[in-house]
Amino acid sequence: MNLQQELTQRLARAIAAAFPDASDAEPMVTAAQNPQFGDYQANCAMGLSKRLKSNPRAIAQSIVAALDAGDLIDEPTIAGPGFINMRLRPEFLERQAAAVGADERLGLPVAETPRTVVVDFSSPNTCKPMHIGHVRSMVIGDAICRLLRLLGHRVVADNHLGDWGTQFGLLIVGFRMFGHEVPERDDPLLRLVEIYKRAHAAAEADETVRDQARAELARLHAGDQENYRQWQQYCRWSMEHFNQIYRRMDVHFDETLGESFYNDLLPGVVDELAAAGLARPSEGAMCVFWDDDSLPPLLVRKKDGAFLYATTDLATLKYRRDRWHPDEIVYLTDARQQLHFRQIFSVAERWGVAEGMRLRHVWFGTILGPDGTPLKTRSGDLVELADVLDEAERRAVEVVREKTPDLDDAEAGEIARAVGLGAIKYADLSQNRQSDFVFDWDKMLSMQGNTAPYLQYAYARIRSIFRKGAESGCRPGETGVSVAEPAERALALKLLQWPEAVAAAGDDYRMNLICNYLYELSSVFTSFYESCPVLKSEPAQRDSRLQLCDLTSRVLKTGLDVLGIQVLERM
Ligand code: ARG
């Protein structure tokens, strides 16, 4: 149980004892914003006052009188209209900090009932290079997987590739027409894109090219061997390109099944939906309707017999249910697919394939350029992700060299990767995911403020304390932790709140809450480090402070690891 939960439980008991008729009331315990008022506050007295028709301060007093928490906190105070302010006892903080220091999990509980969660993320469409817009699904999805695994859940990281689009007909024709003209490239996908551009232009100008493309697509769908071979080749090239990015970004999947994998299941899905009375014919097509008009109709088979994105998602859902028996499926896409997933989830429920399963669409906003519109190159294309990553590394070397000029090239390269890619991930994860945000190199690579380099630097600085300490033979000792100084107290408290930050982030997959916590931890650590000498203090104090340093570095490392960001021993 984390501190907030522990205090909540104690207060709940006090409420039940003082007001048996209101024993279901929420204690409403939150961490205090202002340390002047203590560490935590309970805000339940105001709500109870309405219910019990009595003065909130008097209610707060009765709760405090019934509260049995003397082992955790000093006597609470009552402030304003009836806030109950609580301050943890120093002995309690000291004991807990030492206990967490000895705990490999840093106080984080393991899920009592591990859940199986399928996380559908990244899921790019093949035959197009990844651009900056692909970052969010990849980075947020990967962090969600890491967070769930840390909590002890079973995760299936599933890359639902868009590999069954309508572009293949044109590609097959394009290869025939332009394949010999377009030179080979290191990245074959970029050659494919060039051929596609030419084929597209040719089809615009000439109707027979369009007809040929349609015929080749139909042949592919009918199982033509040669076209199938071509299609496989394009998907392989796409995958090579994607994998290179995933490797660089340290993003991993347990399962990579494209839309094509579910293709054979689609007719059966439509039949089942029809048999269940959910889908019915509409002008030659098949559509799912909501009789209460709560959602617009969902097309599942076109007049020409073609199936749709939605049909594939329904087949995929059923397949995943049978394959993994998940407790939850999480889908990451941008905000524009909200209606799509509302429809899919609602159909799944009515169809009966979502039983006992939580379905969640975790959506996010757009990455914008400095002018507030989606990031584009001068020629109007979206900025290619590989180029963004190159630039991140280049800029990171400059930033790091400024601080530490004597780095050798190998070390500078390693640091650049960790800092550059970390900065990109963190810039994304530290936002409220539902907001759009402006991609700003200077801001994300700044050594000051809520950025990855700031956190990585805080970590590296602690490691350097230990390197220096080791030279004179000291390491974090076994004597107790002391929180006599206010800065020590603040740091110990923050460290004990790590499980609260993880729990809050896990509730609605809000990685920015982890970022905020790590940033606050680093700030509290900086104040501590400025006011409390570590290696130069006398032995007992040094020992305690080294323990706080050690714990800080471990929480930072674990936290950054959840975000998919590497730490460095020196920077
Ligand atoms: N390929 C889709 C796109 O690029 C995203 C797929 C998301 N996952 C899903 N099961 N629909 O927009």
Side-chain angles (χ1 to χ4, degrees), residues 117-142 144-145 155-168 189 193 196 231 234-235 238-239 241-243 245-246 251 253-263 265-266 269 288 295 298-300 307-324 326 328-349 351 353-354 357-367 374-375 381-385 433-434 509:
V117 185
V118 175
V119 185
D120 175 323
F121 73 106
S122 191
S123 310
N125 296 331
T126 55
C127 302
K128 272 185 242 154
M130 281 199 188
H131 56 73
I132 180 76
H134 286 103
V135 161
R136 299 209 82 182
S137 175
M138 192 188 314
V139 167
I140 302 173
D142 181 54
I144 290 175
C145 293
V155 175
V156 182
D158 191 343
N159 193 358
H160 186 74
L161 296 171
D163 64 353
W164 204 236
T166 50
Q167 72 275 44
F168 293 102
L189 180 60
V193 171
Y196 184 79
W231 167 80
Y234 308 154
C235 290
S238 305
M239 235 22 248
H241 173 94
F242 298 157
N243 281 335
I245 302 249
Y246 294 141
V251 167
F253 297 94
D254 303 301
E255 178 96 292
T256 299
L257 293 178
E259 292 178 6
S260 61
F261 176 82
Y262 303 97
N263 195 44
L265 305 173
L266 305 184
V269 166
V288 175
L295 287 168
L298 179 69
L299 190 60
V300 289
F307 300 100
L308 297 101
Y309 182 53
T311 327
T312 306
D313 257 327
L314 289 166
T316 307
L317 211 160
K318 189 166 180 233
Y319 174 85
R320 286 175 178 158
R321 181 200 64 174
D322 298 337
R323 170 86 174 82
W324 305 107
E328 180 173 336
I329 307 181
V330 183
Y331 298 81
L332 282 110
T333 79
D334 69 22
R336 289 170 301 182
Q337 298 197 31
Q338 286 177 82
L339 175 62
H340 168 76
F341 283 107
R342 279 217 305 278
Q343 290 174 309
I344 295 296
F345 296 170
S346 171
V347 175
E349 237 164 73
W351 186 18
V353 298
M357 226 197 288
R358 187 160 164 192
L359 298 173
R360 285 222 268 187
H361 182 211
V362 172
W363 56 270
F364 44 80
T366 311
I367 301 183
L375 263 188
D381 294 325
L382 285 162
V383 180
E384 255 190 56
L385 188 48
R433 62 177 157 77
Q434 291 173 337
Y509 301 132

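Computed from a prediction, not measured in an experiment: that's the story for all the values here. For ligands, and for the atoms within them, numbers begin at 1 and follow the listed sequence.
- Sorted by first then second residue, the salt bridge (Lys or Arg N to Asp or Glu O under 4.0 Å) pairs that include residues 331-341, not counting sequence neighbours, are Asp334-Arg336.
- When the ring pair (Phe, Tyr, Trp, His ring centres under 6.0 Å) test is applied to His160, the partners found at least two apart in sequence or on another chain are Tyr262.
- The distance from atom CD of Gln167 to atom CH2 of Trp231, rounded to the nearest 0.5 Å, is 11.0 Å.
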Pairs under 3.5 Å, N/O atoms on ligand 1 and on the protein: can you put them in a table with the distances?
| from | atom 1 | to | atom 2 | distance (Å) |
| --- | --- | --- | --- | --- |
| ligand 1 | 1 (N) | Ser123 | O | 2.9 |
| ligand 1 | 1 (N) | Asn125 | OD1 | 2.8 |
| ligand 1 | 4 (O) | Asn125 | ND2 | 3.4 |
| ligand 1 | 8 (N) | Asp120 | OD1 | 3.1 |
| ligand 1 | 10 (N) | Asp120 | OD2 | 2.8 |
| ligand 1 | 10 (N) | Asp313 | OD1 | 2.7 |
| ligand 1 | 11 (N) | Tyr309 | OH | 2.7 |
| ligand 1 | 11 (N) | Asp313 | OD1 | 3.4 |
| ligand 1 | 11 (N) | Asp313 | OD2 | 2.8 |
| ligand 1 | 12 (O) | Gln337 | NE2 | 3.0 |

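- The side-chain contact (heavy atoms from CB on, under 4.5 Å) test applied to Ala310 returns Leu298, His340, Ile344, not counting sequence neighbours.
- Across all their heavy atoms, His241 and Met130 have their closest contact at NE2-N, 3.1 Å.
- Side chains of Ser122 and Tyr246: a donor-acceptor N/O pair is present below 3.5 angstrom, by distance only.
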